[in-house]
Amino acid sequence: MLKTETYTLNMGPQHPSTHGVLQVVLELDGEQVVEAIPHMGYLHRGIEKLAESRTYVQFIPYTDRLDYVSSMGNNLGYCQTVEKLMGIEIPERAEYLRIIMVELNRIASHLIFMGSLAIDLGASTGMMFGFRDRERILDLFDMACGARMTYSYIRFGGVSADLPPEFIPALQCFLADFPAMLEENHGLLTGNEILYNRLKNNAIISGEKAMKFGLTGPSLRASGIDYDLRKVEPYGIYDRFDFSVPLGQTGDSWDRYLVRMEEMRQSASIIAQAVEQLPEGPVMAKVPKVLKPPVGDVYHSIENPRGELGYYIVSDGSPKPYRIHVRRPSFINLQALNETCQGLLIADVVAVLATLDSLMGEVDC
Amino acid sequence: MNEWAYTAAFFIFAAVTVASAVGVVTKNDLVHSSLLLALCFVGVSGLYVLLQADFLAAVQLLVYNGAIAIVFVLGTMLTRRSIRHGTNHSEADAPSRLIGLISGLFVAVTLGVIATTPWNYSSAGAVQDTPAVLGRLILTDYMIAMEVAAVLLLAAMIGAIVLAKGVDEE
Amino acid sequence: MQEVTGLYVIAEMLRDILGHYLPAQYVDISMSLINIGVIFGIISMTAVVLVYGERKVSAFMQSRSGPNRVGPYGLLQTIADMFKLMSKEDIMPAGADKWMWILAPMILFIPAAAAYAVFPFDNQAVFADLNIGIFYFIAVSSQAVLPFLMAGWASNNKYALIGGMRTVAQMLSYEVPMVLSILGVVMMVGSMRMSDIVAAQQNVWFIVLQPIAFVVYVITATAEINRAPFDLVEGESEIVAGPFTEYTGMRFALFFLAEYANLFAVSAIATTLFLGGWHGPWLPGWVWFFLKVAGMVFLFMWFRWTFPRLRIDQLMALGWKVLLPLALVNVVITGVGMYIYQLLS
Amino acid sequence: MSNNNELLAEIQAQYSRETQIIGEDKQQFLLVEPEYLLKILGILKNYEAYQFDMLRNLTAVDYLEYMEMVYHLYSLPLRHSITIKARCAAENSQMPSVTSIWPSANFQEREVYDLLGITFTGHPDLRRILMPAEFTEHPLRKSFKAGAGQLPGGGGNHSC
């Protein structure tokens, strides 16, 4: 009855809750979203182009800077792709160390998800808790490879260094404390009525829609679709561990949150199993100094905290890759933003951005 | 102290009221006009205080300034900002002149009446506990009037809700 | 009347001293000025203390240590921040409505300060013990909406404007249940005078007799002063900082001063209405008053650092569909209860 | 992920006119003629024996003489995967958009358009996605040499 006009609101690229430099152009009717169009590229560094003038080994540090809160996974995906191209076998111990690191990194990444979701919904204590717990994991990484954010720990043929003796006790201490940490976070956030009401039945992405948007990772599984690369195409030695893949029912923001919270518990269980089975031995296979993979191309993908991280590498037989393409889950997951946000309120856009959990370092590549 | 302080306060409040009232009419920007209207209400409530009608003053602040003026301001602010200049024309065209004339006549007549009426000064002191007296009156003598007003307001509120909710397109 | 104690004794002493040097009519004026000075002192002190308190409380809840570098236990941190804010560049956005933009933070401060006139800090220690005390407080605090709206509109910024619009929706809807929750207390006392309300609680605090009203009051008060979980007006993750987005330096600080003055104000009202004001054993009345206010302030801070923010539609639904009926029911229960009590006695 | 050689052979046998198998034993791909791309991909998605309902990855490679599109498909119900390739000219490259089959190709095709300069016909919203709108070149082309001053204003002023 009352005629209203829509208006445009530029959310970002400098905005507290776009998690980096994402610009979302919102078309609003009052506070209701008519359209939410993401504009990216503010962090575009041309990593794929840079790769063409680097050797294979030199590209490893660039992978750290894609999804910079789960660098271990990026390292792993890239190294496994090149190993697959060259047919390198890696030692048992290295396989286990890789699993431990990647799963630890998954927990760290999901803790950031939890923290940023909390702060986006106005609960700053949740963020502090998330970052506090993540600190324990970063300390472990620091112990293992000397870096807290950009590890380059996983290399062709294994990992860069064996664990220091104090690592395993510290890890076991962390694993012992982790259920209590998780419980505390659940107590603060999951049990909160306001958080529940903000997320439950909000921004529902059905399984069908999730496929349409090309979602992968926890966001897809929250819609009830069982697609976890660790299960469907076990890479590395994932087939040796006993873990379950949490699935959501409705695909609302609440499910996306719960799925990630549960994944943390599963990751901790995988780490515990890996520590138990951890064999002795070398951590590095014999790999030639100058890598010259055979001519050909290969695609390999792993399950990163944000979804399917794929590397497509074309080799022309020279020491430098002819072309590297990275399938970045954050980038493709952003496709869901516009349609999911339509009809919601401004405050929900923030929640959708947080639960889709796109990371701009990866989106812009 | 009391005598001149009250006098000074009266003139300050009166000046504020009159000046802002003039501003409401002459300001070129609707938003400024409506804000000055709020100021005018504040001035009036100050005058109420000086008349020892402190309950009425608080009601004036709460209802007129805290609600009505805000709705005015909100309404004008929602009009598009780019065209806000000249939203409140004060050109001297024929209708404006006519209205000015009528208003002038009204003021003249009122002043004349005030000047010629033999005012009686009340010797009774001001009622100390106005809210209690008012409450008693509203719930006894003026019961029906209040209930009628309440029903009217309820109808208005329902109407506002219907208007704001809108009707489905189809 | 009770025996005269506490702050009133100090005031009487001061009045005596002044009486020696000044003619009688000037003593009143001087005492008024001194009172105003004390109130402004309290306002600025509360801001300084509460900002420090807030940071320490939040640090405590988030397992951090909070400010601990400037002065012992970081006590001077707020002072340092104040100097920092004062030295900031004063930026005015292009296209801002100049006078409105400048006036908004100053006008916001007036109702915040004016409310302090009716707080009974101690027995007889009220600047103006109006017979409509609590109603005056409501009327004055309702004036805080306009400055927010002015700031939001004058900034020429869409985030600020959305914030301003949210203020109106939020404050207007939460004022109604707030008034109704206070009504229960007023019915029991039969007076709106602050000192009467406190005096009526000599034996039993009204939090015991009016638990629903207390809960409704605390929730609506949180919304009135725009604190989490009702801080939609500034909602930093959604609309950056709402009406404050474009403000810098001292003007920004004024908004914060007003925010903390309001935090203290609603806590003081809660203390007066529900927690027995300055009543309490052993300690002087004003100490009790400030202790209870501190307790309420802590409660509000506790809310802020544990709750996520509501969404605007949930906020409105809570206000109109839950709190308003609850407050109305409370009024009815109070009325019936009073009637039964009269029959029995 | 293992490329399913039998599956490839089966598809190729059925659509021998439109497709051919390239590559060696370990790395075999199905090369599809661009004009039949939509038809073949549509069949791959919808036929019960294939059910490739997921477009995992879409990208392109500049081989100087020609541009090669690469589609990595996956089937959730049947848990198998396949790699499809299609080639087009290096100059004025054009490809049919697969967004009608997999809407999730939207951003990836925009990225390929932006960085490699392949125009997708039938794409709903073909705009640059990473580079600024006024940028004229396609950085992932082999002919593109990176250097300073290529963006307006010396840096990267995004104008949207």
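In this text the structure is predicted, and so the values were computed from the model without any measurement. Note on naming: letters A, B, ... go to the chains in the order of the sequence lines (proteins, then strands), and numbering restarts at 1 for each one. Quick note: numbers below take in every heavy atom, side chains included, and nothing from hydrogens, waters or symmetry partners.
A distance below 6.0 Å separates the ring centres of Y235(A) and Y238(A). Aromatic rings of Y312(A) and H300(A) (six-membered ring for Trp) have centroids beyond the 6.0 Å cut-off, not under it. Taking the six-membered ring for Trp and the full ring otherwise, the centers of F144(D) and H138(D) sit at least 6.0 Å from each other. Here the two rings, on F331(A) and F107(D), have centers that are under 6.0 Å apart. Checked against the 6.0 Å centroid threshold, Y74(D) and Y227(A) count as a close aromatic pair.
The part of I225(A) that comes within reach of chain D is its side chain, from C-beta onward, which places non-hydrogen atoms under 4.5 angstrom from that chain. Only the backbone of L58(D) comes within less than 4.5 Å of a heavy atom in chain A; its side chain stays farther off. Contacts between R141(D) and chain A at a heavy-atom distance below 4.5 Å involve the backbone alone (N, CA, C, O). Contact annotation for V326(A): neither backbone nor side-chain heavy atoms come within less than 4.5 Å of a heavy atom of chain D. For D316(A), no part sits under 4.5 Å from any heavy atom of chain D, backbone or side chain. At a 4.5 Å heavy-atom cutoff, the contact between R328(A) and chain D is made by side-chain atoms alone. Neither the backbone nor the side chain of P234(A) comes within less than 4.5 Å of any heavy atom in chain D. For a residue to count as touching a neighbouring chain, one of its non-hydrogen atoms must lie under 4.5 Å from one of that chain's; by this rule I101(D) does not touch chain A. Heavy-atom distances place both the backbone and the side chain of Y63(D) under 4.5 Å from chain A. At a 4.5 Å heavy-atom cutoff, the contact between L76(D) and chain A is made by side-chain atoms alone. Using a 4.5 Å cut-off between heavy atoms, L85(A) touches chain D through its side chain atoms alone. For chain D, no part of S53(A) is nearby; none of its heavy atoms comes within less than 4.5 Å. If you measure heavy-atom distances from Q335(A) to chain D, the contacts under 4.5 Å come from both the backbone and the side chain.
In this structure a side-chain-to-backbone donor-acceptor pair under 3.5 Å is present from S330(A) to L359(A). Under the 3.5 Å distance criterion, the side-chain polar atoms of R45(A) are matched with a main-chain donor or acceptor of R65(A).
Note on E52(A) versus K142(D): salt bridge recorded, some NZ/NE/NH1/NH2 to OD/OE distance being below 4.0 Å. A salt bridge links R221(A) with E263(A): the distance from a Lys NZ or Arg NE/NH1/NH2 to an Asp or Glu carboxylate oxygen falls below 4.0 Å. Ion pairing of R128(D) with E109(D) is absent here, as no side-chain N (NZ or NE/NH1/NH2) approaches a carboxylate O to less than 4.0 Å.
Among D53(D), V70(D), T59(D), the residue with the largest count of heavy-atom pairs under 4.5 Å with chain A is T59(D). Options D297(A), L215(A), L43(A), D364(A) differ in how many heavy-atom pairs under 4.5 Å they form with chain D, and the most are formed by D297(A).
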